[in-house]
Amino acid sequence: QGYDLVSQGKYTEATGRFIFSEEQFNLALEIDDKDPISHSGKSLTLLQLRDKESALKEALLAKKLGPQKTIVLANLGYIYAQLQMFSEALTEYKKASALDPDSAFLNYNIGTLYLVQGKFKEALGYLTKAQIIDPELPDIHNNMGYIYSQEKRYHEARIAFERSVHLEGD
């Protein structure tokens, strides 16, 4: 239930949902304080509540308890990315991707981190893989369009941007 509340709060910016989400994760941790998934979820809640230091601490604890859990590594990568610690984020996303190489989400995030760093060739490789896995995610096409435009590949950029807009429904 905590993860659902984090997701709902993220889309509605409802701080109350994040507080309730944190309470749900705390209840789960009272039952099993060694559960890496609950610690990881709590870390996302703390990040949304703008307690970055506690979020990172909780995410690192989750990784210590569950170093082979894809969601734990992906959430830690997300937290690092939000803290603009891109190298660390990339490391965690790649570890998660090694466990789940067919995840469009992970390939998209790795590609986006390379994009943010201006490494377009690497970014395009991961974004292309993400697009093959799930061609219906508009953000993938948007990011690919941006790369193509930066590389002056305007026809490909236009196609990618149009696909992104079409998938968004705007």
Side-chain angles (χ1 to χ4, degrees), residues 1-117 122-123 126-127 129-143 164 167-169:
Q1 186 178 12
Y3 275 102
D4 288 339
L5 292 164
V6 170
S7 198
Q8 291 170 13
K10 195 171 174 182
Y11 292 111
T12 62
E13 293 298 319
T15 303
R17 289 190 193 268
F18 295 129
I19 293 169
F20 187 58
S21 173
E22 182 182 16
E23 291 170 2
Q24 294 300 303
F25 284 119
N26 285 336
L27 288 172
L29 290 167
E30 284 178 20
I31 296 167
D32 181 2
D33 67 344
K34 303 272 190 256
D35 177 29
I37 306 296
S38 295
H39 282 286
S40 185
K42 182 177 177 182
S43 72
L44 293 177
T45 298
L46 291 167
L47 183 69
Q48 295 301 324
L49 290 170
R50 293 171 177 55
D51 186 351
K52 295 175 182 179
E53 185 177 318
S54 295
L56 182 56
K57 183 177 175 183
E58 197 73 28
L60 290 169
L61 175 58
K63 181 183 174 186
K64 181 179 177 183
L65 295 170
Q68 296 297 312
K69 301 275 187 194
T70 304
I71 192 168
V72 168
L73 297 170
N75 287 348
L76 179 55
Y78 176 77
I79 289 171
Y80 277 136
Q82 295 302 304
L83 298 174
Q84 297 188 348
M85 299 171 71
F86 299 127
S87 178
E88 292 87 346
L90 196 54
T91 298
E92 298 308 324
Y93 277 133
K94 284 186 171 184
K95 287 177 187 175
S97 182
L99 297 171
D100 187 4
D102 294 326
S103 168
F105 167 77
L106 293 171
N107 282 286
Y108 164 76
N109 282 310
I110 293 169
T112 299
L113 283 169
Y114 278 126
L115 169 66
V116 168
Q117 296 175 28
E122 293 89 342
Y126 282 97
L127 292 170
K129 184 173 180 183
Q131 177 190 20
I132 291 167
I133 296 166
D134 189 349
E136 301 301 312
L137 293 176
D139 290 344
I140 295 170
H141 300 279
N142 185 65
N143 287 0
S164 176
L167 291 169
E168 282 288 338

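Worth knowing before you read on, the calculation uses all heavy atoms, side chains too, and leaves out hydrogens, waters and symmetry mates.
Here Glu136 pairs with Arg163 under the side chain to side chain donor-acceptor pair (under 3.5 Å) rule; sequence neighbours left out. Partners of Thr112 by side chain to side chain donor-acceptor pair (under 3.5 Å), not counting sequence neighbours, listed by chain and number: Asn143. Not a single side chain to side chain donor-acceptor pair (under 3.5 Å) links Asp33 to another residue, sequence neighbours left out. Residues passing the side-chain contact (heavy atoms from CB on, under 4.5 Å) test with Ala28 are Ser38, sequence neighbours excluded. Evaluation of the side-chain contact (heavy atoms from CB on, under 4.5 Å) rule for Asn109 yields Tyr93, Phe105 as partners, not counting sequence neighbours. A search for side-chain contact (heavy atoms from CB on, under 4.5 Å) contacts involving Glu22 returns Asn26, Lys42, Thr45, Leu46, Leu49, not counting sequence neighbours. By the side chain to side chain donor-acceptor pair (under 3.5 Å) test, Tyr80 is found to be paired with no residue, residues two or more places apart in sequence or in another chain being considered. Listed by chain and number, the residues in a side-chain contact (heavy atoms from CB on, under 4.5 Å) with Pro101 are Lys129 (sequence neighbours excluded).
For residues 53-71, the set of pairs meeting the salt bridge (charged side-chain N to carboxylate O under 4.0 Å, His left out) definition, not counting sequence neighbours, comprises Lys63-Glu92. Note on residues 70-87: no pairs pass salt bridge (charged side-chain N to carboxylate O under 4.0 Å, His left out), not counting sequence neighbours.
Within the 4.5 Å cutoff, the side chain of Lys94 has no heavy atoms near those of the Thr91 side chain.
In this structure a side-chain-to-backbone donor-acceptor pair under 3.5 Å is missing from Ser43 to Leu56. Of the possible polar contacts, none joining the His39 side chain to the Leu29 backbone as a donor-acceptor pair under 3.5 Å is found.
Using modelled atom types and a 3.5 Å distance limit, the side chains of Ser40 and Asn75 yield a donor-acceptor pair.
The minimum heavy-atom distance between Ala89 and Gly77, with the atom names listed, is CB-O, 3.3 Å.
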